[in-house]
There are 2 protein chains.
Amino acid sequence: MAGVSTATVSRVVNRPESVSEELRTRVNLVIEQLGWVPNAAARALSSNRTGAIGAIFPALALGDFARAIDAMQDALAARNHLLLLARSQYDPDLEFSQARKLVERGVDGLVLVGSTRSAAFESFLSRIEIPYLNSFVFDAESPVPCVGPDNAVSMSEMVDHLVSLGHRRFGMIAQTTRNNDRAAARRDGVRNALARVGLAIPPQGLVEGEWDIAEGRKLFRRILDATPRPTAIICGNSMLAVGAVLEAAAAGVDVPGEMSIVGYDDIELMSELPIPITTVRVASDDVGRVAADTVLDMIEGRAVGSQRIRSQIVVRASSGPVPSD
Amino acid sequence: MAGVSTATVSRVVNRPESVSEELRTRVNLVIEQLGWVPNAAARALSSNRTGAIGAIFPALALGDFARAIDAMQDALAARNHLLLLARSQYDPDLEFSQARKLVERGVDGLVLVGSTRSAAFESFLSRIEIPYLNSFVFDAESPVPCVGPDNAVSMSEMVDHLVSLGHRRFGMIAQTTRNNDRAAARRDGVRNALARVGLAIPPQGLVEGEWDIAEGRKLFRRILDATPRPTAIICGNSMLAVGAVLEAAAAGVDVPGEMSIVGYDDIELMSELPIPITTVRVASDDVGRVAADTVLDMIEGRAVGSQRIRSQIVVRASSGPVPSD
DNA sequence: TTGTAGGCGTTATCAC
DNA sequence: GTGATAACGCCTACAA
């Protein structure tokens, strides 16, 4: 219709500067009139690139993941890429099968969460030859690039904060560590930081749960029964912390007078509750943004390394000096 | 490698019953050994179907949308389809451009939120010839299938609940109605239900906000200053309601003794706060599931109609009899 | 039941 | 600067 070959149309669309201005405008006009849009499948088949990045998250609506996803989408869009999202529900098998699907779909790169996976998954990843990275974890030594906070260090800092307030008896409502190396790292970060000052969490002071408020309440109750009762409770995520704080109020436990409660991940609710909650704030949007840029850099063959994303303790009213007894 | 033609491999993969058992196992074995996966681009190019459904939501992490997305993904996976998610941030232009991108990507169907859109978007949708539907709204008359609750009716029921408790002076913290026909329908549902019993919200009793707790607090403060002070406040979403209830507590307003506060959308937090919040619970996962099945049915050429998704009032402690004055 | 071959809409490699 | 034309990997008549 424009009186040119398909090759020229392709040039107009992909490398407009390589074509004469006259043709360019003529072709663009026709494209406009026809409402023509390039066929992504044909393009992918021919160029062996889809312009899509796959990402597999345990869940899509959790505070930190949600922020990372938003940021990632924006960063990818800025470089003309699309994000294909999948959800593993903390199930390694599902994660693997979702990865297969995304690869079948021809994603140019893959963003995963965490760094521990089955041998089968590992070998699949090494076979497929597309770049991938681990997000929400950090390990400078890792052969595959990591983009995330150092979970253990974040939690150690939280322990330091509480120890400096005089706390010596600790409890922890950890997020389930099964299939979750970030949660395990956070728990270990607490343990190690305590060990450094000669402290430890007694067995009955360490409980594990998923991530809803009801679970936080229930587990907080359980820790309350421990003797001696801890003066500081560290929660593995935001919802568990919210549950613990709400249950403390319901049980008439004075926070932070009798007991300090802290969390991990800073969602709006943490600061809006009657007793705002001390927590670890991870720059999750940076995780998403940097992960996007890193995986695109890898695709373009640039050398990339692991990047640690900053996190900080946000001190609020839920943590305070140890009770004088 | 299996000593068969590519056509046979294709049959083994797509219509295994049409191939002899011997060949089937032989081919499958080789597929396994090779780690071969079908190339989705080639498949799409050849069959003119990508097996992907696009969905554009205002946001991905909001309670009701998040649940719908999860359910949709599962329902699509059960029928061998992939969900491509995009986010419009309540911006009609962005929604349109995301739709274009998804269509370029070759999605077989589209799930949209709401039913009002620009003429340009409308005409684009009618041109592209791929099935699409409106979710989270219901309109039996609509030419394009709808899958969602009847926002207006849900809110009317809430008004009826409050009226039956004796309330006559109402305030509303509506979700911004700009670019949001669901929010507008909810607001109108309130208005109409009130009008039916000869009541109305005074101008200073109706405020609009987005959807975070801080905003709920701020707007609640504003309504508190209204004279006469309303005895019942209806919030347009869950976060606004949470903010209102928290601010009421902070301001020393007895809920529901002095004032009833209700919300829309039932997230876990609503029932876990010190004063659990009366709200409208929409079966959002049904929205997602039914939307997925409906759009797939449309793709397969089956006749489909609009489907109303159930919603119900969940009465909790935040609503009670009007104060005796 | 299985193989042959054309075509899907681009991109990329050559010529010109 | 532009046009032919051969891939790209699969699906699907059609033929055997």
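Throughout, protein chains are lettered first and strands after them, A, B, ... in sequence-line order, and every chain is numbered starting at 1. Because the structure is a prediction, the values reported are computed rather than measured. When reading the values below, keep in mind they use all heavy atoms of this one structure, side chains included, and skip hydrogens, waters and symmetry mates.
Taking the screw axis at each terminus of the helix from C:dT1-D:dA16 to C:dC16-D:dG1 from five consecutive base pairs, the angle between the two is 30° to within rounding of 10 degrees.
Ion pairing between a basic and an acidic side chain is recognised when a charged N comes within 4.0 Å of a carboxylate O; B:R67 and B:D70 show no such pairing.
Listed by first then second residue, pairs satisfying salt bridge (charged side-chain N to carboxylate O under 4.0 Å, His left out) with a partner in residues 293-302 of chain B read B:R79-B:D293, B:R79-B:D297, B:R79-B:E300, B:D297-B:R302, B:E300-B:R302, not counting sequence neighbours. Residue pairs satisfying the ring pair (Phe, Tyr, Trp, His ring centres under 6.0 Å) criterion with at least one member in residues 48-80 of chain A, sequence neighbours excluded, are listed as follows: A:F57-A:F65, A:F65-A:F136. For residues 129-139 of chain B, the set of pairs meeting the side chain to side chain donor-acceptor pair (under 3.5 Å) definition, not counting sequence neighbours, comprises B:R117-B:N134.
Going from atom CZ of B:R105 over to atom P of C:dT10 covers 14 Å, rounded to whole Å.
Here the shortest heavy-atom pairing between B:S306 and B:C146 reads OG-N, 2.8 Å. A:A71 and A:D285 get closest at one heavy-atom pair: CB-O, 3.2 Å.
Every ring pair (Phe, Tyr, Trp, His ring centres under 6.0 Å) that A:Y90 has, sequence neighbours left out, goes to A:W211. Residues forming a side-chain contact (heavy atoms from CB on, under 4.5 Å) with A:A40 (at least two apart in sequence, or on another chain): none. Not counting sequence neighbours, the partners of B:F96 by the ring pair (Phe, Tyr, Trp, His ring centres under 6.0 Å) test are B:F121, B:F124. For A:D93, the side-chain contact (heavy atoms from CB on, under 4.5 Å) criterion is met by A:D91, not counting sequence neighbours. For A:S10, the side-chain contact (heavy atoms from CB on, under 4.5 Å) partners two or more places apart in sequence, or in a different chain, are A:N14.
Of all the residues in residues 31-51 of chain B, B:L45, B:S46 reach under 4.0 Å from DNA chain C with at least one non-hydrogen atom. Looking at residues 3-12 of chain A, you'll see A:G3, A:V4, A:S5, A:A7, A:T8, A:R11 sit with a heavy atom under 4.0 Å from some atom of DNA chain D.
Using a 4.0 Å cutoff to heavy atoms of chain B, the contacted part of DNA chain D runs 5' to 3' from D:dG9 to D:dA13.
B:L76 places a side-chain heavy atom less than 4.5 Å from the side chain of B:L296.
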